[in-house]
Amino acid sequence: MDFTISHKDTNGSARAGTILTDHGPIDTPVFMPVGTAGAVKALHMKELREDICAPIILGNTYHLFLRPGVNIVEQAGGIQKFNGWNRPMLTDSGGFQIYSMSDIRKFTEDGVVFHSHIDGSKHFFTPERAIDIQRSLGADIIMAFDECTPYPCDYTYASNSMEITHRWLDRCLEQFNKTTCPHGYSQNLFPIVQGSVYKDLRLRSAEYIAAKGAEGNAIGGLSVGEPVEMMYEMTEAVCAILPYDRPRYLMGVGTPANILESISLGIDMFDCVMPTRNGRNGMLFTRNGIINIRNEKWKDDFSPLEPEGEVFTDYEYSKAYLRHLFVSKEMLAAMIATIHNLGFYMWLMKEARNQIIAGTYSAWKDVMVKKLMQRL
RNA sequence: GGGGAGAUUCCAGAGUGGCCAAAUGGGGCAGACUGUAAAUCUGUUGGCGCAGCCUUCGGAGGUUCGAAUCCUCCUCUCCCCA
């Protein structure tokens, strides 16, 4: 994997660059749509490629492990072949499920036992196992097995958890270094900074992670309910320590405003379920602000979803029609909303990149943040 | 023509003397959602000067301290037989 930074904003730490993987290039800053089970819900790969123009999508180790199972994906020739995406992919390690499925797992120094949410069967995930599975799945970027801590999280817990995540990282690296991708191309392991909302822990974690010299580095355990100011504070502190010349990935973020602010702090990569999940639930992100398309006020608004938009959903469908589809529970509603939202996120990233290249990012960002978070 | 069943808050449908402004579901309205156990979940849904009051259970009377619930008549709907 190769990362080159081509431009830096004149104000702040925003930068534009390109990540090169064996499955193709990724211009940064980048937003990566989440495709947990190997599919971005409600979408065809064709739409993701040709209409939304996503350069990379996510998959999830825990979910793909349970279904369809590692062997199936490996037999298919890797996740990109199995799902027909054929472009770069990133798999999360299952660390987020330690947080999101905390009631059906048991956490120990050695690893985590998950009780499958599908059939209750027990599965022991260790750092080594998380790497082995991700080797078989074959994503271009794979993640270290970490614990995503909840919020609020007391200092002692956050500190112990961070130490475990660090020890797990060493085990991940060891396993990663003595294995190869069975599909013949190269994979890159990203370690993850933890430390909850405690600055000293975050700094220590960032130092620890930076010292590993990985191809890219991630920040996890944020956007789990803490005030945004804390999230920005932690991100800024960590970015100051993580290597400048490697991509920085802020996991699970976020709203358009969160993303624009974090780009200013030096983040290059993002992922979030918000444009897809919230889209399926009727929330539309637009260039003028946020719309709850189910609201009665849109019932006779025949204007296009996004008059200036470039994706077909933006100008081919009206707000009134999309509201009708949601109210009628038509599955086309989820499809249109998802394409629209992801199209918007992609546009936002492209625009951010152009502003960075032009050296005008920071001023542009201030105007956009206010505009994008308005409720229409 | 004869016999039977029934009319409940937007709809369906409980309730058959006080705990009923009335269960539950649907629909409506609004909200939540940040490395996806989510095409999910939550709240609300007669009116008002709202810890109280007013108007509601087909219509009109009546019984009772008290009625959506009991009685009388009326109106309408559905089913069966001819």
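Protein chains get the first letters and strands the later ones, always in sequence-line order, with residue 1 at the start of each.
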Original post:
P atom, C74(B) versus G3(B): distance in rounded Å?
Top reply: 15 Å
**OP:** Give a yes or no on whether I293(A) and M274(A) share a hydrophobic cluster (residues Ile, Leu, Val, Met, Phe, Trp, Tyr; joining criterion: side-chain heavy atoms under 4.5 Å apart).
**Re:** yes
Original post:
Which base sits across from U75(B) as a Watson-Crick or G-U pair, both distances under 3.5 Å?
Top reply: A7(B)
**OP:** Determine the contact category for T276(A): base if any of its heavy atoms lies under 4.0 Å from a base atom, sugar-phosphate if only primed atoms, P, OP1 or OP2 are that close, otherwise nothing.
**Re:** base
**OP:** Classify the glycosidic conformation of C50(B) as syn or anti, calling it syn when the angle lies within 90° of 0.
**Re:** syn
Original post:
Rounded to whole angstrom units, what separation is found between the CZ atom of R277(A) and the P atom of C33(B)?
Top reply: 10 Å
Original post:
Rounding to a whole Å, what distance do you find between F285(A):CZ and U34(B):P?
Top reply: 11 Å
Subject >> Length of the line joining I141(A):CD1 and G35(B):P, which is rounded to integer Å >> reply: 18 Å
Subject >> Sugar-phosphate, base or nothing in reach of D119(A), heavy atoms under 4.0 Å >> reply: nothing
Original post:
Rounding to the closest angstrom, what is the interatomic distance between G47(B) and G15(B) at atom P?
Top reply: 27 Å
**OP:** Just name whichever nucleotide pairs with C65(B), Watson-Crick or G-U, keeping both distances under 3.5 Å, else none.
**Re:** G18(B)
**OP:** Round to the nearest Å and state the distance from F190(A) atom CZ to G35(B) atom P.
**Re:** 18 Å
**OP:** Would you kindly check if the NZ (Lys) or CZ (Arg) of K212(A) is within the cone defined by 45 degrees around the ring axis of Y208(A) and under 6.0 Å from the six-membered ring centre?
**Re:** yes
Original post:
Considering only the C1' atoms, how many Å lie between G17(B) and G62(B), rounded to the nearest integer?
Top reply: 15 Å
Original post:
Across all strands shown, which nucleotide pairs with A30(B) by Watson-Crick or G-U wobble geometry, both distances under 3.5 Å?
Top reply: U42(B)
Subject >> Sugar-phosphate, base or nothing in reach of I104(A), heavy atoms under 4.0 Å >> reply: base
Subject >> Distance test, side-chain N/O of Q97(A) to OP1/OP2 of A37(B), below 4.0 Å >> reply: yes
Subject >> Spacing between E147(A) atom CD and G35(B) atom C1', to the nearest angstrom >> reply: 14 Å
Original post:
So what's A12(B) paired with, Watson-Crick or G-U wobble, going by both distances under 3.5 Å?
Top reply: U24(B)
Original post:
G59(B) and G52(B): how far apart are their P atoms, nearest whole angstrom?
Top reply: 28 Å
Subject >> F125(A): which of F65(A), F107(A), W168(A) passes ring pair (Phe, Tyr, Trp, His ring centres under 6.0 Å) >> reply: F65(A)
**OP:** Looking at every strand, decide which applies to N60(A) at a 4.0 Å heavy-atom threshold: base, sugar-phosphate, or nothing.
**Re:** sugar-phosphate
Original post:
Just how far, in rounded Å, is C1' of A37(B) from OH of Y62(A)?
Top reply: 7 Å
Original post:
Is the gap between the ring centers of W298(A) and Y317(A) under 6.0 Å?
Top reply: no
**OP:** Provide the distance between the two C1' atoms, one in U9(B) and one in C20(B), to the nearest whole Å.
**Re:** 12 Å
**OP:** With heavy atoms under 4.0 Å as the rule, sort N278(A) into base, sugar-phosphate or nothing.
**Re:** base
**OP:** Run through H117(A), H115(A), H123(A) and flag the one making a ring pair (Phe, Tyr, Trp, His ring centres under 6.0 Å) with Y62(A).
**Re:** H117(A)
Subject >> Centroid-centroid under 6.0 Å between F270(A) and Y345(A) rings >> reply: no
Original post:
Could you give the CE-to-P distance, from M274(A) to U36(B), as a whole number of Å?
Top reply: 13 Å
**OP:** Report the C-alpha distance between Y99(A) and F96(A) in whole Å, list the side-chain angles of each, state the deciding distance to 0.1 Å, and finish with yes or no for ring pair (Phe, Tyr, Trp, His ring centres under 6.0 Å).
**Re:** CA-CA 5 Å; Y99(A) 157 79; F96(A) 183 71; 5.2 Å; yes
Subject >> C53(B) to G49(B) separation - C1' atoms, rounded to the nearest Å >> reply: 10 Å
**OP:** Scan G221(A) against the nucleic acid and name what it touches under 4.0 Å (heavy atoms): base, sugar-phosphate only, or nothing.
**Re:** base
Subject >> 5' precedence on RNA chain B between A334(A) and N258(A) (nearest-nucleotide basis) >> reply: N258(A)
**OP:** Indicate for each nucleotide in nucleotides 25-32 of chain B, in 5' to 3' sequence, whether protein heavy atoms under 4.0 Å reach the base (B), only the sugar-phosphate (S), or nothing (-).
**Re:** --SSSSBB
Original post:
What nucleotide among U36(B), U34(B), G35(B) has an atom nearest to a side-chain atom of T36(A)?
Top reply: U36(B)
Original post:
Regarding R135(A) and Q187(A), is there a side-chain donor-to-acceptor distance under 3.5 Å anywhere?
Top reply: yes
Subject >> Counterpart base for C48(B), defined by Watson-Crick or G-U wobble contacts under 3.5 Å >> reply: G52(B)
Subject >> Ring geometry between F344(A) and F285(A) (parallel below 30°, tilted from 30 to 60°, perpendicular above 60°) >> reply: parallel
Subject >> U8(B) to U77(B) separation - C1' atoms, rounded to the nearest Å >> reply: 15 Å
Original post:
Which part of the nucleic acid, if any, lies within reach of Q134(A) when heavy atoms closer than 4.0 Å are counted: base, sugar-phosphate only, or nothing?
Top reply: nothing
**OP:** Find the distance L90(A):CG to U36(B):P and express it as a whole number of Å.
**Re:** 10 Å
Subject >> Cluster overlap I57(A) with M143(A), hydrophobic side-chain contacts below 4.5 Å >> reply: no
Original post:
With rounding to whole Å, what would you report as the distance between G46(B) and A21(B) at their C1' atoms?
Top reply: 7 Å
